[in-house]
S.K.: 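Have a look at the structure that comes next, please.
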Amino acid sequence: MKKKGRDLLIQLNAASARYSYNPILRWNPQVENYFIKAYGSLHFAQISKALTRPSCYSCIRVNTLKSTSDAVIEKLQEIMRKSGSQNDVVGINLRENKASNDIDLDMVEKQSSLQNESITKCQIPGLEYVVFVKGSGPHEIDYGYLPDKAPKEVLVSRKCAEAVLRGAQVYVPGVMACSSHVEEGDLVAVSVAVEQPFPDGGWGLGITRGTVLQGLPTDPYHFERNGLYIGQGTTMLSRAGIFRASQGIAVDMNNRVFKLPSFYDVLEGEIFLQNLPSIIAAHALDPQKGERILDMCAAPGGKTTAIAILMKDEGELIAADRSHNKVIDIQKLAAELGLTCITTYKLDALKAVRKRNGSSDMTTLCCNKDNNDVVNQRSDSGPLGNGVSSNTIVGSNADTTFKENVSNEKANERTYTSKADIRKNTRRMRNGPGRNQSLGGRVENSKGFLPNSFDRVLLDAPCSALGLRPRLFAGEETIESLRNHGKYQRRMFDQAVQLVRPGGVLVYSTCTINPGENEALVRYALDTYKFLSLAPQHPRIGGAGLVGRCEFPDGYVEEWLRPGEEELVQRFDPSSQLDTIGFFIAKFAVGPKDNI
């Protein structure tokens, strides 16, 4: 009997370790060694662990043009009372790098004293319009394991799991495998399939969607799923329904490892869910009423709208992005928040500086079909040298007109419209309008802007995004890919620095922990453009930058900051008590360019 008791205890302990959330973030070995050199072994291990978990709170930016923090807090409290939301985690700690911060310690103590409440207003001077809403976790969940019977289970993709950890439901496309005999209304454990190394050195999922899970060691990814259970939920469809449907909720998550309140469709126009460092980046730019400001890589529009509100919606704020659909998203967000100072353009940041060659100012696109001559002429007519293309179309009917205006993205790249494009767009017209052709979906193209035509420029550069959390896999990045990110960002920075007038401000930011995209970019900027200098940032709650250099086995040397420069940038560490995403902000003052 004693032996049976010991065996049962061993089984239960093993099940407790298996049915838990304790992921280990896997990196490319060379990338891992690089980050260990930058941060130290212990610190990097802490960063990796923090990246696998969401922040313990949601950060809300209040639209001060429509509401106030106090009014929003009152409304949110009422919503949470009605929904029965409970938040029981420890408070948000703003003590990161006290010695180097500008924050008053009395204010920090005041903020800490407010943390027994689930919804609090930020006490940092200038950020009183920011509201924190607590979440909780990680929670231990009883999945109903019995020694002779494993719980019914749904296996989801890694990206689906990351969304669930942020508060989403499990949607049908995210389900990879499922136990047999799962019916609608069953209680299931939800686990994650994370990419595994392949013999050829790559990563991937060696699993066929629709695989049956039997709860046995022979199941695909049985051992790899140890410690990768993210919660429990009720199935909304049977097993057959899950793999037949193309959309919809597969599992209603009602018992999560991390519980974060959802703000979907809540107080639209009054609030915007945004990471704290992103809000700080908008403040670092210090936008003023009446100025002309450019957000070079503006999608999805969070920082753009934050800047507009700081400007009191007075001035000219240009929001550019190279994606047609993302520009439409910015337009929708600006309209939702009631902002009128934002003008959106489709523009590749690598072509942000307008060429002075007159031949590039006008392009004639011709297409002859069925003896109908159609001419699409685009001429620049925007104010302040913004290089906007306004379309004037001459044609015999609407169908021909549409055929001519095939694609905003391709129009600048060629002077010939293929028959394949014409057939494709004719089908679109016949089948109904898609997103790009819907009402309100017009996007203006821009050929760039004249040098020195902006008071301030924000370059929130596309990056490796290795600071975003929660993250369950990081093996896709290599040393080569990280270097390529840095090269791409330097090219964008070369454009941005030309657009800011002398006496203006340029802010560079990323959401990555990679020094090659952060401190190395700052080093490049200061060494290349002698008229640039690092400027103080307010408010300053992030940590100091990295000083020194890194030598790689292939002989490449990556230079970072020099002593004295580290306190002029802000580096947000996901493993710090501030509990944010990984983020980096550098602010440059632009001096006279006369001798350049």
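The model shown is predicted, which means the values in this text are computed figures rather than measured ones. Start at 1 with the first residue, then count along the sequence.
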S.K.: Between Tyr19 and Tyr143, what is the ring plane arrangement, given parallel below 30°, perpendicular above 60°, and tilted in between?
M.R.: tilted

S.K.: Would you please name every residue forming a ring pair (Phe, Tyr, Trp, His ring centres under 6.0 Å) with Tyr488, sequence neighbours left out?
M.R.: none

S.K.: Do Ser191 and Leu228 make a side-chain contact, defined as non-hydrogen atoms from C-beta onward lying under 4.5 Å apart?
M.R.: no

S.K.: To the nearest 0.5 Å, what is the distance between CZ on Arg166 and OG on Ser55?
M.R.: 11.0 Å

S.K.: What is the minimum heavy-atom distance between Leu482 and Glu477, and which atoms define it?
M.R.: CD2-OE1, 3.8 Å

S.K.: For side chain to side chain contact (heavy atoms under 4.5 Å, CB included), just list the numbers for Ile279 and Val130, CA-CA rounded to whole Å, side-chain angles, deciding distance to a tenth of an Å, and then say yes or no.
M.R.: CA-CA 9 Å; Ile279 298 174; Val130 175; 4.0 Å; yes

S.K.: Side-chain donor-acceptor pair under 3.5 Å between Gln169 and Asp252, yes or no?
M.R.: yes

S.K.: In Å, rounded to the nearest 0.5 Å, how long is the span from CG of Leu165 to OG1 of Thr52?
M.R.: 9.0 Å

S.K.: May I ask you to check whether Asp295 and Thr304 show a side-chain donor-acceptor distance below 3.5 Å?
M.R.: yes

S.K.: Which atom pair, heavy atoms only, marks the closest approach of Arg456 to Asp286?
M.R.: CZ-O, 3.1 Å

S.K.: Pick one: which of Ile585, Ile513, Ile581 meets side-chain contact (heavy atoms from CB on, under 4.5 Å) with Phe572?
M.R.: Ile585

S.K.: Which residue pairs satisfy the salt bridge (charged side-chain N to carboxylate O under 4.0 Å, His left out) criterion with at least one member in residues 33-47, sequence neighbours excluded?
M.R.: none

S.K.: Looking at residues at least two apart in the chain, or sitting in another chain, which of them share a side-chain hydrogen bond (donor to acceptor under 3.5 Å, both in side chains) with Arg61?
M.R.: Gln274, Thr305

S.K.: With no hydrogens and no angle check, do the side chains of Gln331 and Thr344 hold a donor and an acceptor under 3.5 Å apart?
M.R.: yes

S.K.: Tell me, with the steps shown, if Arg26 and Val194 meet side chain to side chain contact (heavy atoms under 4.5 Å, CB included).
M.R.: CA-CA 10 Å; Arg26 303 186 71 168; Val194 176; 5.8 Å; no

S.K.: Who pairs with Phe258 by ring pair (Phe, Tyr, Trp, His ring centres under 6.0 Å), at least two apart in sequence or on another chain?
M.R.: Tyr21

S.K.: What I want to find out is whether Asp579 reaches Arg53 closely enough, with some N-O distance under 4.0 Å, to be called a salt bridge.
M.R.: no

S.K.: Any donor and acceptor pair, going by atom type alone, linking the side chain of Gln489 with main-chain N or O of Pro462 inside 3.5 Å?
M.R.: yes

S.K.: Quick one: does NZ or CZ of Arg158 land under 6.0 Å from the six-membered ring centre of Phe473, within 45 degrees of the ring axis?
M.R.: no

S.K.: Report yes if the side chains of His485 and Cys463 come closer than 4.5 Å at any heavy-atom pair, otherwise no.
M.R.: no

S.K.: Are there over 12 heavy-atom neighbours, none belonging to Ile24, within less than 6.0 Å of that residue's CD1?
M.R.: no

S.K.: Would you say CD of Glu480 has more than 12 non-hydrogen atoms from neighbouring residues, nucleotides or ligands within 6.0 angstrom?
M.R.: no

S.K.: Does NZ or CZ of Arg571 fall inside the cone over Phe584's six-membered ring, less than 6.0 Å from its centre and within 45° of the axis?
M.R.: no

S.K.: For Met492 versus Ala461, what's the shortest heavy-atom pair and its separation?
M.R.: CE-CB, 4.0 Å

S.K.: Salt-bridge test for Asp460 and Lys303: reply yes if a basic N is under 4.0 Å from a carboxylate O, no otherwise.
M.R.: yes

S.K.: Could you check His283, Glu567, Gln570 and say which one makes a side chain to side chain donor-acceptor pair (under 3.5 Å) with Arg540?
M.R.: Glu567

S.K.: Counting distance only, does the side-chain N/O of Asn275 pair as donor-acceptor with the main-chain N or O of Pro277 below 3.5 Å?
M.R.: no

S.K.: Distance from Leu276 atom CG to Ile280 atom CD1, nearest 0.5 Å?
M.R.: 5.0 Å

S.K.: Within the side chain of Arg469, is there an N or O that forms a donor-acceptor pair under 3.5 Å with the backbone of Ala50?
M.R.: yes

S.K.: Val505 versus Lys587: any side-chain heavy-atom pair under 4.5 Å?
M.R.: yes

S.K.: Would you say the side chain of Val72 lies within less than 4.5 Å of the side chain of Leu267, judging by non-hydrogen atoms?
M.R.: yes

S.K.: Considering only residues two or more places apart or on different chains, which pairs with a residue in residues 265-276 satisfy salt bridge (charged side-chain N to carboxylate O under 4.0 Å, His left out)?
M.R.: Lys75-Glu270

S.K.: Partners of Phe35 by ring pair (Phe, Tyr, Trp, His ring centres under 6.0 Å), sequence neighbours excluded?
M.R.: Trp27, Phe44

S.K.: Should Glu565 and Arg523 count as an ion pair when the cut-off is N to O under 4.0 Å?
M.R.: yes

S.K.: Any idea how Tyr39 and His43 line up, ring-wise: parallel (<30°), tilted (30 to 60°), or perpendicular (>60°)?
M.R.: perpendicular

S.K.: Could you check Asn28 against Trp203 for side chain to side chain contact (heavy atoms under 4.5 Å, CB included), going step by step and ending with a plain yes or no?
M.R.: CA-CA 10 Å; Asn28 173 283; Trp203 301 79; 5.5 Å; no

S.K.: Taking all heavy atoms of Ala352 and all of Leu499, pick out the closest pair and write down the distance.
M.R.: CB-CD1, 3.8 Å

S.K.: Output yes when Glu78 and Arg81 qualify as a salt bridge under the 4.0 Å nitrogen-oxygen rule, no when they do not.
M.R.: yes

S.K.: So with a 6.0 Å cut-off around CD of Gln288, is the heavy-atom count from everything else above 12?
M.R.: yes

S.K.: Other residues, nucleotides and ligands only: do more than 12 of their heavy atoms fall within 6.0 Å of NZ on Lys49?
M.R.: no

